[in-house]
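Below is one structure; the comments refer to it alone.
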Amino acid sequence: DRHPLVAEDLLNLGAIRFDRGDYVGAERYYRQALEIAAAWYGPDHPRTAATLNMLGQSLVFQDRTKEGVPLLRQSLVVRERVYGPSHPLVASTLNELGNAAIRGKDLDEAETAFTRMVAIYRAAYDDRHYLIGTALSNLATVHNERKDYRRAEALYREAVRRFADTQGPTHLNTGIAHIKLGRSLLRQGRFAEASRETLAGYDIVAPQAEPGISFLRAARRDLIIAYDSLGTPEQAERYRVELAALDSAAAAK
């Protein structure tokens, strides 16, 4: 029961919990896996670093960034030492650190992490991989938070193109990128363009995801604003009804 193969199974169980949004359950499995990995491999081994990365991520998603970030930084140190500063696994940890910085409103730190992430993925994958789209989208979010919507728009457009080219025009990531692009246009007051992008994303994501996920909720809210601003409240009504139904279902639970 202390073998590293047990730790791998615990990591997989934790990943299932994480994907379901049960971050507390994921943390529990990841901590068990870390105890085994650290004892078997030692604190400076890449397997231990990978486990630290997953545990740190689960804590950040619980808004426990003060606990999660030190684990992510520890993982980053080990991965940089083992793989070098420009390895995709280093970029993976930078992604988690950037997301933690976004949650903590440290936009400078987030920009530094995501900019480095973009550079690593471009070099590692000859500038053609869906992960470059992920990094560009994350960097765009930093600019959106700074209200630099034009710069965010340009990065989101590139992310949409990359996801469509590498994963397909109807992939979930492509749809989410359309929704994010729509929001950057909405915040510029470009309501007709915003409604087209947001609706394109909504139509991709809705058949593939639960109705209440955050991206679809955000898309509905943005479509309501866009259609009302365009003077077509009858188009907005559909999304008002959907949101109201979701809120009622949540209240009834």
Side-chain angles (χ1 to χ4, degrees), residues 1-104 106 109-110 112-114 116-121 123-125 129-135 137-138 167 171-173 176 208-210 212-214 253:
D1 62 358
R2 309 295 297 172
H3 194 279
L5 289 177
V6 176
E8 289 186 25
D9 288 336
L10 289 165
L11 287 176
N12 289 335
L13 288 166
I16 293 168
R17 294 283 184 175
F18 187 92
D19 286 346
R20 286 176 171 168
D22 179 6
Y23 306 126
V24 174
E27 177 196 349
R28 184 167 59 251
Y29 283 121
Y30 291 156
R31 286 195 184 280
Q32 294 176 53
L34 179 61
E35 185 181 353
I36 295 170
W40 187 279
Y41 296 113
D44 297 322
H45 193 278
R47 293 287 182 90
T48 307
T51 310
L52 285 166
N53 198 75
M54 297 173 81
L55 175 57
Q57 182 188 37
S58 71
L59 292 167
V60 168
F61 272 72
Q62 294 176 59
D63 292 320
R64 293 160 60 190
T65 54
K66 288 184 179 179
E67 297 172 71
V69 166
L71 301 181
L72 294 171
R73 293 197 183 283
Q74 187 179 345
S75 174
L76 182 65
V77 168
V78 175
R79 284 180 159 178
E80 286 179 325
R81 179 181 58 78
V82 172
Y83 300 113
S86 301
H87 194 278
L89 287 174
V90 170
S92 174
T93 304
L94 288 168
N95 181 51
E96 303 308 331
L97 284 166
N99 288 331
I102 287 279
R103 286 172 177 260
D106 189 341
E109 184 172 341
T112 298
F114 292 143
R116 188 177 165 200
M117 180 184 169
V118 170
I120 290 172
Y121 282 148
Y125 297 118
H129 198 285
Y130 82 91
L131 286 172
I132 300 170
T134 300
S137 180
N138 288 348
Q167 295 184 298
H171 193 277
L172 192 64
N173 283 338
I176 291 169
Q208 303 182 59
E210 292 295 320
I213 70 162
S214 60
K253 287 183 179 180

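Values below: every heavy atom of this structure, side chains too, minus hydrogens, waters and symmetry copies.
Taking CG of Asn12 as the start and OH of Tyr29 as the end, the distance is 11.5 Å to the nearest 0.5 Å. Once rounded to the nearest 0.5 Å, the distance linking CD1 of Ile176 with NE2 of His171 reads 9.0 Å. The CG atom of Leu13 lies 10.5 Å from the CZ atom of Arg28; values are rounded to the nearest 0.5 Å. Rounding to the nearest 0.5 angstrom, the gap separating the OG1 atom in Thr112 from the CG atom in Asp106 is 8.5 Å. Note that the CG atom of Asp19 and the CD1 atom of Ile16 stand 8.0 Å from one another [nearest 0.5 Å]. Interatomic distance, Leu89 CG to Tyr83 OH, rounded to the nearest 0.5 Å: 5.0 Å.
Ala110 and Gly98 make their closest contact through CB-O, 3.7 Å (heavy atoms, listed as atom of the first residue, atom of the second, distance). Of all heavy-atom pairs between Val118 and Ala135, the closest is CG2-CB, 3.5 Å. In terms of heavy-atom proximity, Ala49 sits nearest to Ser75 at O-OG, 2.9 Å. Here the closest non-hydrogen pair linking Pro85 and Ile120 is O-CD1, 3.5 Å. Taking each heavy atom of Tyr130 and Asn173 in turn, the nearest pair found is CD1-ND2, 4.2 Å.
Screening Leu71, Leu72, Leu76 for a side-chain contact (heavy atoms from CB on, under 4.5 Å) involving Asn53 leaves a single residue, Leu72. None of Glu80, Glu109, Glu67, Glu96 except one satisfies the salt bridge (Lys or Arg N to Asp or Glu O under 4.0 Å) rule with Arg73; the exception is Glu109.
Note on Arg2 versus Glu35: salt bridge recorded, some NZ/NE/NH1/NH2 to OD/OE distance being below 4.0 Å.
Panel note: side chain Asn99, backbone Asn95; a donor-acceptor pair is recorded below 3.5 Å. Judged purely by atom type and a 3.5 angstrom limit, Ser137 has no side-chain atom pairing as donor or acceptor with the backbone of Thr134. Without hydrogens or angle criteria, Thr48 side chain to Pro43 main chain gives no donor-acceptor distance under 3.5 Å. Not one N or O on the side chain of Arg79 forms a donor-acceptor pair closer than 3.5 Å with the backbone of His87. Judged by distance alone, with hydrogens and angles left aside, the side-chain atoms of Arg81 form a donor-acceptor pair with the main-chain N or O of Asp44 at under 3.5 Å.
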Take Tyr121 and Met117 through the side-chain contact (heavy atoms from CB on, under 4.5 Å) test and state the conclusion after the steps. CA-CA 6 Å; Tyr121 282 148; Met117 180 184 169; 3.6 Å; yes

Step by step, work out the side-chain contact (heavy atoms from CB on, under 4.5 Å) result for Arg47 and Glu8. CA-CA 10 Å; Arg47 293 287 182 90; Glu8 289 186 25; 3.3 Å; yes

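A donor-acceptor contact closer than 3.5 angstrom is absent between the side chains of Arg103 and Thr65.
Proximity of Tyr23 to Gln57: side-chain heavy atoms (C-beta onward) are nowhere separated by under 4.5 Å. Under the 4.5 Å side-chain criterion, counting only non-hydrogen atoms from C-beta, Pro88 is in contact with Tyr125.
Checked against a 6.0 Å centroid threshold, the rings of Phe18 and Tyr30 do not count as neighbours.
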